[in-house]
Amino acid sequence: MADRFLPCVPGPKVERMLNAAPGNEIASGNFDSPESSAALAANTFGFFIKREGELPPLPGCGDQDWPASSLALEKTVRFPWKGGRHPVLDVLVTTPSAIIGIESKRFEPLRAKSDADFSDAYWRQVWGDRMKGYESIRDRLHDDKGLYLALNAAQLVKHAFGLRTQVHRGGYKGLTPILFYLYAEPEYWPKNGVPVCEEAKARHRNEIERFSIDVAGDEVRFVGCTYRSLLASWKRVDSPKIQAHAEAVMQRFSP
């Protein structure tokens, strides 16, 4: 555990959250991989467990009411049906006006990904009339498996459907649902020191932009942000503790 978490992160509390989640990140050994996205997210946001009121407004979400009222890691958001798999967000933040689901990526967009997979349930008429952009991406992914090569658009659509469900059926009524896509742009692969392909990073950025345009105006707002932008914003707040934490994340993970 000593090597798993930054000194300022409450490791035992974070581990309890992760062990209670369905992802099995720690027991599987995935969390301790030098490429782990879960480790980056848990160390970045674990600092704010039990002190969520100190979390600075997330970039692109400053128009919401702050401070945050809750923060949880590896949080399941449910669809409007029983059974099956339901989305698990890396972080779920609530404020007085918003529910913000954070999906964290590190090296995943730089590798080959599996084809989009939607069961028949995703075509049920349960998403309302303000999710047409997400539904359109769902439909196009069904017909064109290569529509997105870097961005896991299918996962984001499912997360958006889950967040939309929460504000209608999950106890978060009246809040604005926001899907916050937080991604790293590492310079080197940690296992061999080989530089990360700049073309792959550019393709990922372009696909994020295309996705953002396609879902603009939908009920679930989509915000894309790099880890470097997030941490840079934390370094500008009037809190030496948060500034130091942001620098520690940069030094440890080089996102």
Side-chain angles (χ1 to χ4, degrees), residues 1-56 58-59 68 70-76 87-93 100-113 152 155 180-197 200-201 204 225-237 239-255:
M1 185 184 298
D3 295 329
R4 225 168 247 162
F5 301 105
L6 294 168
C8 55
V9 173
K13 293 179 181 178
V14 173
E15 285 210 358
R16 282 195 293 272
M17 282 189 174
L18 295 176
N19 289 333
N24 203 29
E25 289 287 346
I26 292 179
S28 67
N30 293 335
F31 192 90
D32 296 319
S33 165
E35 298 179 6
S36 172
S37 176
L40 172 56
N43 275 278
T44 299
F45 290 97
F47 175 84
F48 296 99
I49 292 176
K50 301 302 182 183
R51 57 201 295 184
E52 54 273 346
E54 298 179 30
L55 176 69
L58 300 176
S70 69
L71 182 150
L73 305 179
E74 293 290 307
K75 183 70 173 179
T76 299
V88 179
L89 290 153
D90 290 298
V91 188
L92 190 71
V93 175
I100 306 172
I102 301 174
E103 176 59 28
S104 168
K105 297 298 181 189
R106 195 175 175 191
F107 288 92
E108 297 94 334
L110 308 174
R111 306 190 194 95
K113 67 178 180 63
N152 192 336
Q155 182 188 52
F180 192 84
Y181 184 67
L182 182 62
Y183 61 99
E185 291 199 321
E187 296 181 4
Y188 301 95
W189 292 94
K191 293 181 179 179
N192 55 21
V194 173
V196 171
C197 175
K201 288 191 278 190
H204 183 221
C225 179
T226 65
Y227 265 98
R228 290 174 185 260
S229 295
L230 174 73
L231 297 174
S233 73
W234 289 0
K235 290 182 181 181
R236 294 191 294 269
V237 303
S239 168
K241 294 184 298 183
I242 295 175
Q243 292 173 5
H245 174 59
E247 181 59 29
V249 174
M250 279 296 300
Q251 292 298 321
R252 173 76 172 267
F253 294 98
S254 299

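All values below were derived from every heavy atom in this structure, side-chain atoms included, with hydrogens, water molecules and symmetry-related copies excluded. Given the structure is predicted, the values throughout are model-derived calculations rather than measurements.
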Going by heavy atoms in the side chains, are N152 and E108 under 4.5 Å from each other? no

Minimum heavy-atom distance between F180 and P59, given as atom pair plus value: CE1-O, 3.1 Å

Sub-4.5 Å side-chain heavy-atom contact between V249 and L40: yes

State, to 0.1 Å, how close F107 and P190 come at their nearest heavy-atom pair, and which atoms those are. CZ-CD, 3.4 Å

Between L73 and V14 the two heavy atoms that sit nearest each other are CD1-CG1, 3.8 Å

To the nearest 0.5 Å, how far apart are NZ in K235 and CE in M250? 5.5 Å

Minimum heavy-atom separation for N43 to F5, with atom names? OD1-CA, 3.1 Å

From CD1 (I242) to CG (L55), nearest 0.5 Å: 7.5 Å

If you compare all heavy atoms of P255 against all heavy atoms of Y227, which two are closest, and at what distance to 0.1 Å? CB-CB, 3.7 Å

Which word best sums up how the rings of F47 and H245 line up, parallel for under 30°, tilted for 30 to 60°, or perpendicular for over 60°? parallel

Donor-acceptor contact below 3.5 Å, side chain S233 vs main chain L230: yes

L58 side, atom CG; I102 side, atom CD1 - distance, nearest 0.5 Å: 5.0 Å

Rounded distance [0.5 Å steps], CG in L89 versus CD in E74: 9.0 Å

Close side-chain approach of L231 to F253, heavy-atom, < 4.5 Å: no

How many angstroms lie between atom NZ of K105 and atom OH of Y183, to the nearest 0.5 angstrom? 14.0 Å

Checking D32 side chain against A39 main chain: does a donor-acceptor pair fall under 3.5 Å? no

Restricting to non-hydrogen atoms, name the atom on K13 and the atom on I49 that form the minimum distance, rounded to 0.1 Å. CD-CG2, 4.4 Å

F48-W234 aromatic ring centre distance below 6.0 Å: yes

Would you say the side-chain atoms of E187 pair up with the backbone N or O of P195, donor to acceptor, closer than 3.5 Å? no

Between the side chain of D90 and the main-chain N/O of A41, is any donor-acceptor distance below 3.5 Å? no

Rounded distance [0.5 Å steps], CG in D3 versus CZ in R252: 7.0 Å

Is a side-chain N or O of K201 found less than 3.5 angstrom from the main chain of P186, in a donor-acceptor match? yes

Under a plain distance cut-off of 3.5 Å, with no hydrogens placed, do Y188 and S254 share a side-chain donor-acceptor pair? no

So, E35 and R106, do they make that salt bridge, N to O below 4.0 Å? no

